[in-house]
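So the structure is just underneath, and the comments pick up after that.
Numbered from 1 within each chain, the chains take letters A, B, ... in sequence-line order. No hydrogens, no waters, no symmetry mates; every other heavy atom, side chains included, goes into these values.
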Amino acid sequence: MKIVTRFAPSPTGALHVGAARTAIFNWLFSESLGGDFLLRIEDTDRVRSEERFELQIIESLKWLGLEWRGEIIRQSGRLDIYGRLAERLIDEKKAYRCYVTAEELGQKREEASKKGEIFRYRREWSQIGAAPGKPYAIRLSVSLGEKIFVEDLVRGEIIFDSSEIEDFVILKADGFPTYNFAAAVDDAQMEISHVIRGDDHIINAPRQILIAEALGLGKPQLAHVPMILGQDGKKLSKRHGAESVTEYRLCGYLPEAVLNYLVRLGWSFGDQEIFTAKELVEKFSLKGIGKSPSVFDSGKFLWLNGKYLRDLPEERILDEMAAIVVQKGLPLQSPQKLRKIMEQMLQRSETLNAMVDQALYFFIDDFEYDEQAAAKFLVEKNREILELLAEELLGFKNFSHDNIHGGFERVMQQTGVGLGKIAQPARVALTGSTKSPGIFDVVEILGKDTVARRITRALDFIGSRGA
RNA sequence: GGCCCCAUCGUCUAGGGGUUUAGGACGCAGCCCUCUCAAGGCUGAAACACGGGUUCGAAUCCCGUUGGGGCUACCA
């Protein structure tokens, strides 16, 4: 059998990490078996679907390196097909028109639930409110008391009782199909062999099976993967902060890391943590998918991104950094200087953005002093150290690493204190904080003029404090 | 409420009857390196939800309990 998978997002928001993971699973599954991976846009919700979201989702998929085959199928362009099939089901008495409005039904449901009962729509309601020319929805006739078997590749057999399923809508009053109808029809017509999707769709499986059977269409093999949860154990959502692929890209995450992290969330291959895309294609199989939901751990994600960051070719990091510098409106530095900054920030940052954000003092003079750092180190007793340092350092024609080192050595000799006692005040004066790359590197990268300005600023600051 | 799913360190997970003093990773703690912070190296603390079975033997199989999650739309 030819393996064909699909990713079928609805364009009602950016590509959520949960959706991204199912896309990745489907892509890996077909890639690993030499099949096709298709893209279908489920834009049947006229109110919530927006083109910009579709564009954003497509951009995210490309960024992640998930390539689909052929044209994108758009459900809004297939309305006539769904309409014809729904009418056919009416002709075959497998479906019927329903004139009750959604609002009226909502009331019924509410009343029932207040009484602790469950309202399930059945055929006898179908003529209520019927009138010529009045819009209607089409519902599938679901027979009672039948077992529906869902063969799940991850969970095994799941059995549903058809009595629990009401006569659900397959075609809405606006002529658009519902999710289950369009999905069942399209999966069959696109000859999808396997559907890998989130756990939250398990409930839809029996409905889609019912539709496919009513229509005499083929059914894909199903694999439901556990959900991704937030730190609070609830389904990951906007409440939990960053949750779309776009946001992570904008924060300076690498596509390789996003791919790797998301795959490993719910799938494993022994003890291995880090996989290239190629390795994933080789090693992926449904066997490695777990059954229990996974909590999204932003800390581990960050760590993984840092790993990938340090593995990137320098030229690529430099390009990305330059773009971020421009985007943040910071003064672009010479390529030589940017490279030095990159070399220093690389092992101190987990994301591309952090490489710039945490190195602001290399770009601008008017950073703020960290309050605690200034209180501890920019104090009167360190005035002499900073003055001596200025004297020693600013005398060099060649502002080299060795000369700078020598300058610090001489200040140590003159004051009789260790390097640490000199480096920290200098660090705060030059960077505003007690944390930075090695002090000699900082001085060298900043350059003589900047160092002079900043020591002056720090001395002024000490003076103003003392006053 | 009903239906469905799930249950190993805080988190991601390996292990699926004896090989287990339950392994790895993140995080955490300590040490090394060291001018600070990182990166890197080493070490450590940390888990089979509970109760019944089945079995010579159960983290592993079965049942129940508890807990968590999902769904319950003319959303997808």
message: Check whether A:Phe168 forms a cation-pi arrangement with A:Arg207 (NZ or CZ under 6.0 Å from the six-membered ring centre, at most 45° off the ring normal).
response: yes
- prompt: Does NZ or CZ of A:Arg109 fall inside the cone over A:Phe119's six-membered ring, less than 6.0 Å from its centre and within 45° of the axis?
  reply: no
So, does [X] get its side chain near the phosphate of [N], meaning an N or O under 4.0 Å from OP1 or OP2?
{"X": "A:Arg207", "N": "B:U72", "answer": "no"}
{"X": "A:Lys235", "N": "B:C71", "answer": "yes"}
{"X": "A:Lys435", "N": "B:C35", "answer": "no"}
{"X": "A:Arg139", "N": "B:C74", "answer": "yes"}
{"X": "A:Lys307", "N": "B:G40", "answer": "yes"}
{"X": "A:Ser268", "N": "B:A14", "answer": "yes"}
{"X": "A:Ser294", "N": "B:U13", "answer": "yes"}
{"X": "A:Ser113", "N": "B:G1", "answer": "no"}

query: For the rings on A:Phe296 and A:Phe301, is their centre-to-centre separation under 6.0 Å?
result: yes
- request: Searching all strands shown, indicate the nucleotide that pairs with B:U65 (Watson-Crick or G-U wobble; both distances under 3.5 Å).
  value: B:A49
- prompt: What is the pairing partner of B:A29, taking Watson-Crick or G-U wobble pairs with both distances under 3.5 Å in any strand?
  reply: B:U43
- line: Contacts of A:Ile118 and A:Arg46 projected onto RNA chain B by closest heavy atom; the upstream (5') one is A:Ile118
message: If I pick the P atom on B:U65 and the same atom on B:C3, what distance separates them, to the nearest angstrom?
response: 13 Å
task: For B:G23 and B:G44, measure between their P atoms and round to the nearest Å.
output: 11 Å
task: Determine, step by step, whether A:Lys435 and A:Asp370 satisfy the salt bridge (Lys or Arg N to Asp or Glu O under 4.0 Å) criterion, reporting the C-alpha distance in whole Å, the side-chain angles of both residues, the deciding distance to 0.1 Å, and the verdict.
output: CA-CA 10 Å; A:Lys435 304 165 187 173; A:Asp370 175 84; over 6 Å; no
- prompt: Taking atom CG of A:Leu217 and atom CD1 of A:Ile209, what is their separation to the nearest 0.5 Å?
  reply: 13.0 Å
message: Categorize A:Thr434 for me: base, sugar-phosphate, or nothing, with a 4.0 angstrom heavy-atom threshold over every strand shown.
response: base
task: Could you check whether A:Gly266 gets within reach of a base, just the sugar-phosphate, or nothing at all, counting any heavy atom under 4.0 Å?
output: sugar-phosphate
message: Is it the case that B:C6 (base atoms only) and A:Arg155 (side chain only) share a donor and an acceptor within less than 3.5 Å, ignoring hydrogens and angles?
response: no
